[in-house]
Amino acid sequence: QRGRNPLFLGGDVRTAKYGIEWRHPLYDSRIVEFLVRIPPGVRFRGGRSKVLLREAMKVNARRIDTALEKLRKALLTLRGKRIGLLGIAFKPHTEEVRHAPGLALAAQLIQEGADVVAYDPRAGAAAGAALPRLTIADDPYAAAEGTEALVLVTEWPDFLSLDWAREFATCDPSYYK
């Protein structure tokens, strides 16, 4: 039926929200909440949804650049530095690493000569396969061991319950003062 596509032609967004939440492998609550807040009459036709996706990818790229700038400023150089990444997946609760900002950050750090070690509760194996020079740690404390910088990349709920005193105690103390 013409006009019944809930996402693109003004149908019931709540029905679409249910479908996205339970059926899409890359479900992201931020996108769904955005869709629910779209006022009636706003429609995505033609290339509009592609424009939104492109803009989201640009925002992710800027976040990677910002993280790199902060690391360069704090460490002066990335060459030879050991940097830990907590979370590498595209988002929490998935092992998906395609287009993951964490994987892009790790690749850039490795390209600039850093020794990068990462921990992710689910995506460690996939990240290691996608980026062979990335060291995958068995737990978050091992990822922090001997690092000069530790970056929280993916907001896994598991990280909320970490013993952060223990986490930082394993880091290189000369950089954490």
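Not measured: the values here are computed from a predicted model. As a basis for the values below, the full set of heavy atoms in this structure was taken, side chains included, without hydrogen atoms, waters or symmetry mates. In what follows, residues are counted from 1 in the order of the sequence shown.
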Does any pair with a residue in residues 99-143 pass ring-ring contact (aromatic ring centres under 6.0 Å, His included), and if so which ones, sequence neighbours excluded?
none
Kindly list each side-chain donor-acceptor pair under 3.5 angstrom involving residues 100-112, sequence neighbours excluded, with atom names and distances?
unit_1 : atom_1 : unit_2 : atom_2 : d
Gln108 : NE2    : Glu112 : OE2    : 3.0
Glu112 : OE1    : Arg72  : NE     : 3.2
Glu112 : OE1    : Arg72  : NH2    : 3.4
Glu112 : OE2    : Arg72  : NH2    : 2.5

Looking at Thr135, Val151, Val117, Leu150, which one forms a side chain to side chain contact (heavy atoms under 4.5 Å, CB included) with Leu85?
Val151
CG on Asp163 to CZ on Phe168, rounded to 0.5 Å
11.0 Å
Side chain to side chain contact (heavy atoms under 4.5 Å, CB included) assessment of Ile83 paired with Leu75:
CA-CA 10 Å; Ile83 299 173; Leu75 302 175; 4.1 Å; yes
Heavy-atom pair with the smallest gap, counting every atom of Leu134 and Ala127
CD2-CB, 4.0 Å
Going from CD1 on Ile88 to CD on Glu96, what distance comes out if it is rounded to the nearest 0.5 angstrom?
13.0 Å
Please give me the minimum heavy-atom distance between Glu155 and Pro92, naming the atom from each residue.
O-CG, 3.3 Å
Sorted by chain and residue number, the side chain to side chain contact (heavy atoms under 4.5 Å, CB included) partners of Pro132 (sequence neighbours excluded) come out as none
Test item: Thr154 side-chain N/O and Trp156 main-chain N/O as donor-acceptor pair under 3.5 Å:
no
Please enumerate all residues that pass salt bridge (Lys or Arg N to Asp or Glu O under 4.0 Å) together with Arg122, with sequence neighbours excluded.
none
For Arg82 against Ala142, the heavy-atom pair lying closest together
NH2-O, 4.3 Å
Nearest heavy-atom approach of Pro140 to Leu162 is CG-CD2, 3.4 Å
Sequence neighbours left out, what pairs pass salt bridge (Lys or Arg N to Asp or Glu O under 4.0 Å) with at least one residue falling in residues 127-143?
none
Of all heavy-atom pairs between Gly84 and Thr147, which one has the smallest distance, and what is that distance?
N-CG2, 3.5 Å
By side chain to side chain contact (heavy atoms under 4.5 Å, CB included) - contacts of Arg79 (at least two apart):
Thr77
What one should report as the nearest heavy-atom pair of Ala89 and Thr94 is CB-O, 3.4 Å
Is there a side chain to side chain contact (heavy atoms under 4.5 Å, CB included) between Leu68 and Leu78 once you walk through the steps?
CA-CA 9 Å; Leu68 286 167; Leu78 299 177; 4.2 Å; yes
Please tell me if the side chains of His93 and Pro157 come closer than 4.5 Å, counting only heavy atoms from C-beta onward.
yes
Residues two or more places apart in sequence or in another chain: which of them pass side-chain hydrogen bond (donor to acceptor under 3.5 Å, both in side chains) with Glu167?
none
